[in-house]
J.: 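Got a structure for you, questions after.
These figures come from a predicted structure and were not determined experimentally. One-based numbering, in listed order, for ligands and for the atoms of each.
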Amino acid sequence: MMKIDINGNILELVVGDITTLQTDVIVNAANGSLLGGGGVDGAIHRAAGKELLEECKQIREKQLDGNYLPAGEAVITSGQNLPASYVVHTVGPVWNEHDDGQDDVLSNCYQNALELAVTHDASSIAFPSISTGVYHYPVKLAAETALQTMIAFLQNHQFGQVVMVLFSEQDYAAYEKVLHDLVG
Ligand code: AR6
């Protein structure tokens, strides 16, 4: 585990299952349908229970007029049966080596999730490594964008605690190296 102070806030990297975290908010790496899937999305819906899917359907109908949630954007539901109070659902970019705007889209996922947490008076949030599973974003590049976005946010806010939850030792090592390089 790596834990650093940024402007009175805590930023930490841990290995684990995000569905077990007791932060105010956990973030889901969803797809635009918001109707569930594999990876961390499947794990969150299984642990939260079917009421989470109902909330997501309501958001699709009422907040999104039936449309898909675009990549980079985020919406919030309750945590249902999870230890977390809220789930922020965001959609990462699908990796494409010929597209150079993906880091901005990925950064927006983290930024929009953090802003939703603030508007819901949360003081702790846990993120998975968005886009680096099924969406194939390279882990090192994703770590640079994720951590730079979190650090810039924490430098400008009195938030509390941000936890980056990695699902393997290998991903943890990649994020740890990038964080060391960013904070010196
Ligand atoms: N806790 C923390 N991290 C996890 C967990 C968990 N329980 N389970 C998996 N991961 P992915 P994406 C890690 O594929 O690339 C879904 O089907 C995983 O090892 O979940 O953004 C959605 O519905 C990886 O490091 O998300 C979308 O269709 C990271 O979470 C699509 O996948 C993200 O992998 C989104 O793809």
Side-chain angles (χ1 to χ4, degrees), residues 1-2 11-50 52-57 59-60 64 67-77 79-84 86-97 99 101-114 124-147 149-150 161-179:
M1 184 173 109
M2 180 173 177
L11 173 58
E12 58 186 288
L13 306 181
V14 302
V15 178
D17 174 356
I18 200 167
T19 64
T20 67
L21 284 239
Q22 301 191 12
T23 46
D24 296 334
V25 180
I26 68 167
V27 177
N28 183 16
N31 60 68
S33 80
L34 301 180
L35 301 183
V40 71
D41 194 7
I44 288 172
H45 276 277
R46 273 195 301 280
K50 64 182 189 324
L52 186 67
L53 187 58
E54 278 312 309
E55 278 194 72
C56 288
K57 285 182 180 166
I59 288 175
R60 278 286 303 285
L64 300 169
N67 295 312
Y68 273 39
L69 182 69
E73 295 191 13
V75 296
I76 192 164
T77 62
Q80 297 293 351
N81 295 335
L82 292 163
Y86 299 101
V87 179
V88 165
H89 306 260
T90 187
V91 181
V94 177
W95 175 252
N96 169 359
E97 61 188 313
D99 178 348
Q102 298 164 96
D103 50 347
D104 290 335
V105 177
L106 186 60
S107 179
N108 287 342
C109 291
Y110 288 92
Q111 182 72 29
N112 287 324
L114 288 162
S124 56
I125 186 169
F127 286 93
S129 178
I130 299 165
S131 285
T132 65
V134 173
Y135 285 176
H136 291 298
Y137 209 103
V139 175
K140 179 176 183 287
L141 295 179
E144 286 168 358
T145 295
L147 295 169
T149 306
M150 291 171 180
Q161 180 193 22
V162 176
V163 186
M164 188 72 222
V165 184
L166 290 320
F167 206 50
S168 69
E169 294 289 345
Q170 202 181 340
D171 286 350
Y172 178 87
Y175 273 75
E176 185 183 50
K177 184 174 188 317
V178 170
L179 186 54

J.: Which residue holds the protein heavy atom closest to atom 33 (C) of ligand 1, what is that atom called, and what is the gap in Å?
T.: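 I find the closest protein heavy atom is S129 O, 3.2 Å.
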
J.: Answer with yes or no whether S33 contacts ligand 1, where contact means a heavy atom under 4.0 Å from a ligand atom.
T.: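 S33: no contact with ligand 1 (<4.0 Å).
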
J.: Quick one: does T19 get a heavy atom under 4.0 Å from ligand 1?
T.: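 Distance cut 4.0 Å: T19 fails for ligand 1.
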
J.: How far is atom 21 (O) of ligand 1 from its nearest protein heavy atom, and which residue and atom is that?
T.: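 The answer is S131 N, 2.8 Å.
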
J.: What part of A43, side chain, backbone, both or neither, has a heavy atom within less than 4.0 angstrom of ligand 1?
T.: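 Only the side chain of A43 comes within reach of ligand 1.
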
J.: At what distance, to the nearest 0.5 angstrom, does OH of Y172 lie from CE of M164?
T.: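 That separation rounds to 12.0 Å.
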
J.: Polar contacts were defined as any N/O atom of the residue lying under 3.5 Å from an N/O atom of the ligand; does this apply to G38 and ligand 1?
T.: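 Yes, there is a polar N/O contact under 3.5 Å.
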
J.: Roughly how far, to the nearest 0.5 Å, is CG of L53 from CD of Q80?
T.: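 It is 10.5 Å, given to the nearest 0.5 Å.
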
J.: Using the rule side-chain contact (heavy atoms from CB on, under 4.5 Å), only one of I125, T23, V25 pairs with Y86; which is it?
T.: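 Going through the options one by one, the only one that passes is V25.
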
J.: Indicate the atoms forming the closest heavy-atom contact of N81 with A47, along with that distance.
T.: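 Looks like CB-O, 3.6 Å.
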
J.: For atom 9 (C) of ligand 1, which candidate among T90, V40, D17 provides the closest heavy atom?
T.: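 Ranked by closest heavy atom to atom 9 (C) of ligand 1, first place is V40.
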
J.: So which bit of I44 gets within less than 4.0 Å of ligand 1, heavy atoms only: side chain, backbone, both or neither?
T.: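 Within the 4.0 Å criterion, I44 makes no contact with ligand 1.
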
J.: By the side-chain hydrogen bond (donor to acceptor under 3.5 Å, both in side chains) test, which pairs, at least two apart or in different chains, include something from residues 130-145?
T.: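 As it turns out, the side-chain hydrogen bond (donor to acceptor under 3.5 Å, both in side chains) pairs with a partner in residues 130-145, which skip direct neighbours, are S129-T132, K140-E144.
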
J.: Residues two or more places apart in sequence or in another chain: which of them pass side chain to side chain contact (heavy atoms under 4.5 Å, CB included) with A74?
T.: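 A74: side chain to side chain contact (heavy atoms under 4.5 Å, CB included) contacts with V88, T90, N112, L116.
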
J.: Counting only heavy atoms, tell me which of F167, Y135, W95 gets closest to atom 3 (N) of ligand 1.
T.: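 The residue whose heavy atom sits nearest atom 3 (N) of ligand 1 is F167.
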
J.: Among all protein heavy atoms, pick out the one at the shortest distance from atom 15 (O) of ligand 1; state its residue, atom name and that distance to 0.1 Å.
T.: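 Going by distance alone, atom 15 (O) of ligand 1 is nearest to G133 N, 2.8 Å.
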
